[in-house]
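Quick caveat: nothing in here was measured; it's all calculated off a predicted structure.
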Number of protein chains: 2
Amino acid sequence: MKNPVSIATENFVKTVYQFDQKKGYDTRPGSIARELGISNAAATDMARKLARKELIEYKKYKELRLTPAGRSMALAVIRKHRLWETFLHQVFGLGMHEIHREAELLEHLTSDFLADRISHFLGHPTTDPHGDPIPDPTGELPDAPGAVLLSQAPAGLKYRVSRLSGSEKEFFDFCQARGLALGTVLRVKNQFRNPRMTEVEMEGTVLLLHAGLAQTLHVRPATGPAYDPATYVNEPQP
Amino acid sequence: MKNPVSIATENFVKTVYQFDQKKGYDTRPGSIARELGISNAAATDMARKLARKELIEYKKYKELRLTPAGRSMALAVIRKHRLWETFLHQVFGLGMHEIHREAELLEHLTSDFLADRISHFLGHPTTDPHGDPIPDPTGELPDAPGAVLLSQAPAGLKYRVSRLSGSEKEFFDFCQARGLALGTVLRVKNQFRNPRMTEVEMEGTVLLLHAGLAQTLHVRPATGPAYDPATYVNEPQP
DNA sequence: ATTGTTTTTTAAGCATACTTAAATTTTATT
DNA sequence: AATAAAATTTAAGTATGCTTAAAAAACAAT
Ligand SMILES: [Mn+2]
Ligand SMILES: [Mn+2]
Ligand SMILES: [Mn+2]
Ligand SMILES: [Mn+2]
């Protein structure tokens with residue numbers, strides 16, 4: 001009666017969900033295709049198939065939209081992805097650039113039962129090592145209040161880094177070398193246009209970050225105390 | 001250049017390997033088909049495809065045989081399966097009937113890299129919670145010297161349980177209730193034929209086990225000391 | 001508004017992994 | 001040795017998930 005869901009379907013639905021959220025991204029077939037490394041034709045085809053299964057709303061030449069069932073599937077996959085990333089980082093000590101690669105696979109063959117066990121073992125974390133929120137078993141997302149892209153943060157104010165969204169080793173090496181980590185406090189000195197760059201200052205150091213990089217960091221206004229442990233239950237134990 | 005291996009292929013090759021080892025089993029397409037829950041036609045078809053890929057030697061109407069490449073693939077999958085079972089049992093505390101079900105999936109999307117990390121985390125165990133040996137990264141199997149099926153163990157001698165090969169909850173419930181666990185010492189009182197049954201004695205208790213059950217337990221002659229910790233590195237920590 | 005570029009869609013085709021039904025071969029029984 | 005039963009193979013067909021090439025639509029720019 002209930003037919004199995006393929007890995008391709010899960011990845012597709014997940015990508016639509018994420019591109020729908022992320023500003024600066026759209027959910028047209030071409031964007032999804034580029035992300036998944038498939039042809040435009042394949043993405044259109046998939047969209048039509050998933051529409052038949054009531055996971056996607058598809059209207060020719062329009063952006064793709066998820067149905068409630070599609071959104072629910074996406075969040076379940078994202079939950080498994082982020083639980084695995086948290087686990088692999090904290091327990092096995094995998095590097096930040098390694099966890100995404102492994103989680104991208106494991107997310108698809110992890111039962112709800114096992115996901116709950118991982119969550120329990122980790123003490124029900126609410127964010128992954130990148131600072132991304134982990135959906136709960138019902139698909140609710142703990143929201144990160146006030147978070148913005150570093151590239152969009154108004155200049156002159158102090159912020160705390162709340163997400164590192166990259167997946168490349170080079171990205172994490174750079175962040176580590178420059179002291180950019182979850183919780184790091186910094187001040188945005190300038191937001192330049194043309195070329196778009198963000199100038200930040202942290203403990204004396206000044207960095208000029210190009211837009212591509214400043215878009216993979218999220219920050220929140222640093223109004224509270226210097227460090228709030230409850231907010232960072234996922235910080236890796238060294 | 002090197003094309004990806006499907007889950008169906010891995011399961012097929014693994015099953016051929018295991019049926020080739022297990023006495024009382026054969027590797028004809030029908031047997032593999034029954035185990036995997038697919039039609040005979042599908043199994044024949046798969047055998048021919050895998051023969052083209054040099055994973056299986058296929059001759060019409062003959063039993064299937066693995067090539068060295070096929071055997072190597074099977075052992076890599078079995079390694080991942082048993083590492084996951086060990087891990088899920090020891091670390092997450094999953095029950096004996098739950099670990100097989102989860103490992104059956106995870107084994108296919110686990111990189112060699114991750115498998116080695118799991119192995120390292122567990123202290124490089126040599127057997128899984130069922131007592132089955134875990135192949136090393138090169139595909140070498142640590143052999144269990146002198147192990148036989150309980151159903152085939154000559155009567156009159158003392159043995160120690162060395163493998164619990166079932167996957168059903170009922171099987172493990174029964175074993176636990178009767179004190180049958182890895183390392184349990186017992187004496188085979190009688191081997192009955194017609195119907196085939198095995199009578200064992202352990203600490204006063206006498207059990208009469210039908211063949212189906214006595215075939216899922218392996219035992220080794222209990223010559224050594226009562227308990228050899230080096231032999232049972234996989235015993236779950238309570 | 002017409003033209004040109006980009007994107008999407010359609011069309012045709014291929015590999016994988018299955019199905020059921022019929023034909024063939026093997027195996028077992030009389 | 002002939003026949004019956006069981007297993008295997010072949011054949012035909014389906015769903016999935018991709019491809020490339022061509023047609024159609026949308027978008028952008030003069
Ligand atoms: Mn990730
Ligand atoms: Mn994935
Ligand atoms: Mn198992
Ligand atoms: Mn499997």
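- In this view, B:Glu10 and B:His108 satisfy the side chain to side chain donor-acceptor pair (under 3.5 Å) rule, not counting sequence neighbours.
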Legend entry - Contact letters for nucleotides 2-16 of chain C, in which S counts primed atoms plus P, OP1 and OP2 and B counts the base, heavy atoms under 4.0 Å: ------BBBB----S

Which side-chain N or O atoms in residues 71-84 of chain A pair as donor and acceptor under 3.5 Å with protein atoms at least two apart or in another chain?
from: A:Arg79; atom 1: NH1; to: A:Pro135; atom 2: O; distance (Å): 3.0
from: A:Arg79; atom 1: NH2; to: A:Asp116; atom 2: OD1; distance (Å): 2.8
from: A:Lys80; atom 1: NZ; to: A:Thr110; atom 2: O; distance (Å): 2.9
from: A:Lys80; atom 1: NZ; to: A:Asp112; atom 2: OD1; distance (Å): 2.9
from: A:His81; atom 1: ND1; to: A:Glu107; atom 2: OE1; distance (Å): 2.9
from: A:His81; atom 1: NE2; to: A:Glu85; atom 2: OE2; distance (Å): 2.8
from: A:His81; atom 1: NE2; to: A:His100; atom 2: ND1; distance (Å): 3.1
from: A:Arg82; atom 1: NH1; to: A:Pro133; atom 2: O; distance (Å): 2.6
from: A:Trp84; atom 1: NE1; to: A:Thr110; atom 2: OG1; distance (Å): 2.7

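- Nucleotide D:dA25 holds its P atom 20 Å from the CD atom of A:Glu63, rounded to whole Å.
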Cut-off 3.5 Å, no hydrogens considered: what does the side-chain donor-acceptor table look like for residues 38-61 of chain A, sequence neighbours left out?
from: A:Ser39; atom 1: OG; to: A:Ala42; atom 2: N; distance (Å): 3.1
from: A:Thr44; atom 1: OG1; to: A:Asn40; atom 2: O; distance (Å): 3.3

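- Going from atom CD1 of B:Ile38 over to atom C1' of C:dT19 covers 11 Å, rounded to whole Å.
- Shown here are the side chain to side chain donor-acceptor pair (under 3.5 Å) partners of B:Gln215, two or more places apart in sequence or in another chain: there are none.
- Within the structure, side chain to side chain donor-acceptor pair (under 3.5 Å) pairs that include any residue of residues 17-30 of chain B comprise B:Asp26-B:Arg28, B:Asp26-B:Ser31, B:Thr27-B:Glu63 (at least two apart or interchain).
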